[in-house]
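First up is the structure itself, then whatever we jot down about it.
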There are 2 protein chains.
Amino acid sequence: MWILRINMTDRTSKWEAVPERFRTLYGRALTSKIVAEEVPPLCHALGPNNKLVFSAGIVTSTPAPTSARISVGCKSPLTGGIKEANAGTSWGPDLASMRIRALIVEGLPQDTDKFWGTFIHWDKDAQKPVVEFFDASEYTGKDVYESYPMIYQRFEGRISIASIGNAGEYGYGNSGIVFNDQAKRPSRYAGRGGVGAVMASKRLKFIVLNEKGSPGVEIVDKALFDEGRKKMIDAIRTHPISKPKGGLNTYGTAVLVNILNEAGGLPTRNFSAGRFDGAPKTAGEAIFETNKERTGKEVYNHACSPGCIIQCSNTLFNPDKSERASCIEYESTWALGANLGVDDLDDIATMVHLCNAYGLDTIETGVTLGVAMEGGVIPFGDSKGAIQLIHEMGKGTPTGKMLGGGAEVAGKLLGVRRVPTVKGQAMPAYEPRAVKGIGITYATTTMGADHTAGYTICPEILGVSGKQDPLSPEGKAALSRAFQATTAFIDSSGHCLFIAFPILDIASGFEGFIQECNGVLGTNWSADDVVAYGAEVLKVERAFNEAAGIKAEADRLPEFMHLEPLPPHNQVFDVPDEALDSVFKEM
Amino acid sequence: MWILRINMTDRTSKWEAVPERFRTLYGRALTSKIVAEEVPPLCHALGPNNKLVFSAGIVTSTPAPTSARISVGCKSPLTGGIKEANAGTSWGPDLASMRIRALIVEGLPQDTDKFWGTFIHWDKDAQKPVVEFFDASEYTGKDVYESYPMIYQRFEGRISIASIGNAGEYGYGNSGIVFNDQAKRPSRYAGRGGVGAVMASKRLKFIVLNEKGSPGVEIVDKALFDEGRKKMIDAIRTHPISKPKGGLNTYGTAVLVNILNEAGGLPTRNFSAGRFDGAPKTAGEAIFETNKERTGKEVYNHACSPGCIIQCSNTLFNPDKSERASCIEYESTWALGANLGVDDLDDIATMVHLCNAYGLDTIETGVTLGVAMEGGVIPFGDSKGAIQLIHEMGKGTPTGKMLGGGAEVAGKLLGVRRVPTVKGQAMPAYEPRAVKGIGITYATTTMGADHTAGYTICPEILGVSGKQDPLSPEGKAALSRAFQATTAFIDSSGHCLFIAFPILDIASGFEGFIQECNGVLGTNWSADDVVAYGAEVLKVERAFNEAAGIKAEADRLPEFMHLEPLPPHNQVFDVPDEALDSVFKEM
């Protein structure tokens with residue numbers, strides 16, 4: 001296994017052995033570790049000293065189910081702190097199969113008037129990967145739905161592609177890195193924190209992989225791995241949320257819309273209410289029913305990446321059965337729906353597709369548009385106006401650039417003070433005043449507001465891993481801490497976070513999860529060990545943030561959430577600062 | 001003496017006795033103390049919990065020369081930290097004469113669709129001031145050169161006016177509070193840090209004062225005061241920089257252009273060089289010669305405020321002898337000149353006038369335009385394009401709003417990484433790589449990049465208070481610390497910072513300065529006492545910032561100044577972090 005360094009200053013590559021101290025570090029654990037070791041915390045995120053690190057998870061590219069995640073790490077231009085974003089795509093398994101443990105993109109060229117691509121493929125003779133560079137000028141300025149087919153045409157064989165869209169090229173704080181899904185769509189995003197702008201700052205537009213002939217991932221104890229894998233598969237196929245034709249496979253993540261709306265925790269019209277009358281029209285059930293009506297059959301969801309047996313990715317079809325958008329996640333239909341007072345599913349789908357095409361994070365985009373609506377740019381509910389604003393972002397007009405820096409910056413420019421961000425990153429689709437634990441995660445995670453960092457929604461809303469009152473702050477710091485540490489390990493394992501539903505409820509699933517990892521690595525981890533592993537990842541990230549000047553005072557929700565009671569529960573966010581501070585103090 | 005509270009939530013006012021702990025606190029010392037005591041450090045700067053505090057200095061409204069400064073304090077929407085900005089105007093003396101030690105504007109109305117004014121005047125019968133409110137809707141959306149004459153017309157007598165321009169109304173981070181000069185021009189700005197947006201957030205557009213009949217400031221020991229005053233006057237009238245027809249009176253502060261250019265420390269084209277070929281055409285000498293040619297006589301400068309004997313404020317006249325702009329400060333002619341690669345004095349004057357009219361800080365505006373030029377919005381040197389962009393800012397177009405948040409935000413939106421800011425505030429007209437001590441002040445002052453906070457230019461460039469090599473980092477932390485502490489006291493005394501030139505070089509001047517203050521207050525301060533007073537002010541400010549999450553990591557210059565050698569000296573900023581940290585550690 002190698003660490004591959006690509007230096008964009010002179011477009012050279014370098015292979016290094018994996019140091020012993022990285023032996024068990026994969027995915028998020030490794031990207032965060034390398035960023036923490038090599039990136040000066042106070043460097044400019046778009047400058048020569050930032051690095052962009054890719055690493056697949058422990059079990060990625062093995063037959064472990066639902067495990068094709070690729071982790072992307074760097075210093076974030078949006079938060080100023082460390083960033084890890086991950087996506088499900090064949091790109092991760094392909095990197096792992098070529099035994100590239102981490103790909104580190106560093107430096108940047110003096111000549112900033114063009115973009116480059118790199119093509120990494122397996123050389124059978126040399127029995128190692130080869131790195132080539134190509135001029136990407138002809139693809140520059142195109143959206144990724146235009147450029148991806150050109151890249152698929154250019155390179156033969158079963159390639160995987162990482163890229164940036166227009167948003168990245170402009171250097172927006174709101175810009176992701178996109179990966180292909182199973183149907184060659186440029187739709188799987190490491191979306192948050194401006195990782196696209198970091199890749200663009202290095203003038204790198206594409207990383208194309210072809211793993212053909214590569215040896216694949218080594219599994220130290222195959223029998224143990226297989227035992228674990230079977231337990232995982234059983235658990236996933238049993239749990240009501242993750243089983244075939246279960247909640248996610250039928251309705252996608254947007255199954256959450258009605259659930260959160262019912263709970264009064266669906267942020268509506270820029271976080272001014274917790275319930276939206278039009279919500280059901282934007283929910284997973286509505287997507288399913290619309291597709292049924294338009295295609296004449298029940299359409300179940302598909303896998304975003306190889307080996308996924310949860311298969312939660314939906315497509316919304318047009319009346320003529322053509323694709324309108326894929327995938328409409330819960331976060332997206334909320335951000336561009338309830339959050340904007342919009343209940344037109346087709347318009348939401350158009351917005352999702354445009355975000356994907358231009359390289360924008362749907363959460364950051366939706367929250368930014370909500371702030372823009374509050375600032376009077378367009379009225380709430382104006383979905384056509386919102387579509388136009390996304391086009392402006394994608395085209396880089398002045399209005400677009402005003403919004404491209406994300407919600408916090410837009411709030412500053414528009415004089416808006418109801419700005420739902422933490423550490424500069426927009427809040428996802430769960431209202432902290434109605435679901436207190438997730439507010440603790442937003443406030444304290446090293447990532448800026450991020451639900452995936454510690455998804456306390458499981459017990460607070462879904463009844464997974466027990467049941468806790470969402471309105472109560474009691475015990476929620478410990479809950480968030482436990483979820484954050486476990487999540488950091490899941491993000492390092494390469495599994496999709498959605499395995500949490502079955503493994504938290506089904507003991508043998510959790511056991512199998514650890515056995516899989518032990519099987520690949522030859523380790524002897526217990527449940528306590530994996531939580532300790534996750535906690536260590538968080539401590540590394542936290543130390544980076546502190547050195548970047550992001551400390552306890554940044555672990556707070558915006559003031560308006562303490563001042564304005566949220567309907568329908570009419571509660572403020574009442575978790576004491578001491579509880580927030582305890583998350584890391586007692587880690 | 002009173003503390004006057006104006007609560008904009010319900011437009012009520014309240015008079016309070018001055019607490020004993022504020023006995024010797026005036027000006028910056030008092031505004032910072034009140035902000036530190038009453039404003040939650042993590043509140044939203046434009047929210048209901050921020051407060052806007054005005055206080056005149058110790059000797060303001062006495063016959064002490066050059067002492068008509070008004071201090072404005074709040075939490076800054078630009079830096080997120082504490083902010084003190086001050087201006088020279090009759091408004092300060094008028095407030096002091098009515099014995100209002102501090103005016104605190106707090107709260108904000110629910111109804112945000114209109115602006116209000118307040119009129120504070122002396123009631124002879126009651127022997128105290130009276131507060132009235134008026135609907136300011138008819139003045140909203142007008143620039144201050146339009147609205148000021150309307151206010152002068154509306155209120156009888158010799159009034160003074162504080163106001164905000166369009167920039168404040170939009171809530172820009174780049175928005176000042178403007179005060180009248182001696183010729184009723186709306187041209188004296190507490191310009192930095194977005195104080196205009198804070199006033200606007202409270203929906204307060206004007207604070208009009210009429211002190212007629214008021215008792216004036218009490219002087220405890222008149223003889224001592226007079227002795228001090230005479231020494232100050234002598235020193236000011238003797239020193240080559242401050243004397244009549246001396247440097248400032250003849251060429252204004254723009255006398256510095258050629259001096260800094262010669263020293264290689266004049267930031268040029270967005271801080272990419274330290275010397276600008278066109279600089280002489282933008283200098284104080286050029287202003288003087290242009291006026292001489294256009295008016296047919298030598299025009300010396302005027303006082304911005306009552307009782308100033310330095311009189312450094314210039315006016316640039318048109319060929320038809322009408323006024324083009326007043327005042328063109330060094331900072332302004334640099335920010336909108338060399339910093340943009342512009343050498344057309346008339347265009348610079350137009351830009352200065354537009355900034356004044358719209359309520360923009362000229363430094364923040366110029367640096368933002370420099371970043372915009374680097375980001376490709378318009379080319380360097382395009383003065384007509386720059387004028388157009390300032391109009392866009394003043395009109396609140398999308399392009400204007402994109403730039404209204406200041407240089408740091410513009411850099412984020414435009415993907416520019418050479419962004420000369422500290423703590424979110426744009427750097428003034430001295431290049432830290434060529435003048436190391438001022439870089440330490442920029443990095444460590446509580447205010448964000450600010451030359452006035454600790455003007456080490458005195459010994460580093462001007463030979464005032466000794467002579468030190470500007471390129472050497474040696475001993476500069478101690479130098480900056482001493483200047484910062486002394487300055488914090490000067491800002492509390494009510495004197496203009498320019499008294500520093502004579503009092504630092506002429507011992508009797510410094511003595512007189514302290515005698516004046518002792519005379520007014522009945523104190524018995526020594527030189528050590530006033531430095532300790534200043535240091536205490538800084539500690540109060542620093543504690544606020546730390547509680548707002550702004551700590552040592554924020555006391556750094558941007559990365560590019562460490563990476564890119566600056567012509568002509570080809571030096572980077574090489575002051576070690578430990579030296580920066582020592583400024584406050586050893587305070």
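Just the heavy atoms: all of them, side chains too, but no hydrogens, waters or symmetry mates, feed the values below. Letters A, B, ... are given to chains in the order of the sequence lines, protein chains preceding strands, and every chain is numbered from 1. Predicted, not measured: the structure shown is a model, and the values here were computed from it.
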_I'd like to verify something: which residue of B/G415, B/G171, B/P398 has the highest number of heavy-atom pairs under 4.5 Å with chain A?_
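Maximum pair count with chain A is reached by B/P398.
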Could you please show the donor-acceptor pairs under 3.5 angstrom between chain A and chain B, with distances rounded to 0.1 Å?
from, atom 1, to, atom 2, distance (Å)
A/H44, N, B/E559, OE1, 2.8
A/L46, O, B/R417, NH1, 3.1
A/N49, ND2, B/E559, OE2, 2.8
A/R417, NH1, B/L46, O, 3.2
A/K551, NZ, B/E553, OE1, 3.3
A/K551, NZ, B/E553, OE2, 2.8
A/E553, OE1, B/K551, NZ, 3.3
A/E553, OE2, B/K551, NZ, 2.8
A/E559, OE1, B/H44, N, 2.8
A/E559, OE2, B/N49, ND2, 2.8

*asked:* So for A/A547, is it side chain, backbone, both, or neither that comes closer than 4.5 Å to the heavy atoms of chain B?
replied: backbone
*Using non-hydrogen atoms and a 4.5 Å limit, figure out which bit of A/A548 sits close to chain B: side chain, backbone, both or neither.*
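Contact with chain B is through the backbone of A/A548 alone.
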*Quick one: what part of B/A45 sits under 4.5 Å from any heavy atom of chain A, side chain, backbone, both or neither?*
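Neither the backbone nor the side chain of B/A45 comes within 4.5 Å of chain A.
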*Portion of B/L414 that has a non-hydrogen atom of chain A nearer than 4.5 angstrom*: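 Both parts, backbone and side chain.
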*Nearest atoms (heavy-atom pairs only) where A/G404 meets B/L413*: C-CD2, 4.5 Å
*asked:* Checking B/A443 now: which residues fulfil side-chain contact (heavy atoms from CB on, under 4.5 Å) with it, not counting sequence neighbours?
replied: B/L557, B/L580
*Return the option, out of A/G405, A/P40, A/G396, A/G549, with the maximum number of heavy-atom pairs under 4.5 Å with chain B.*
A/G549
_So B/L46 and A/V416, do their side chains get closer than 4.5 Å, heavy atoms only?_
no
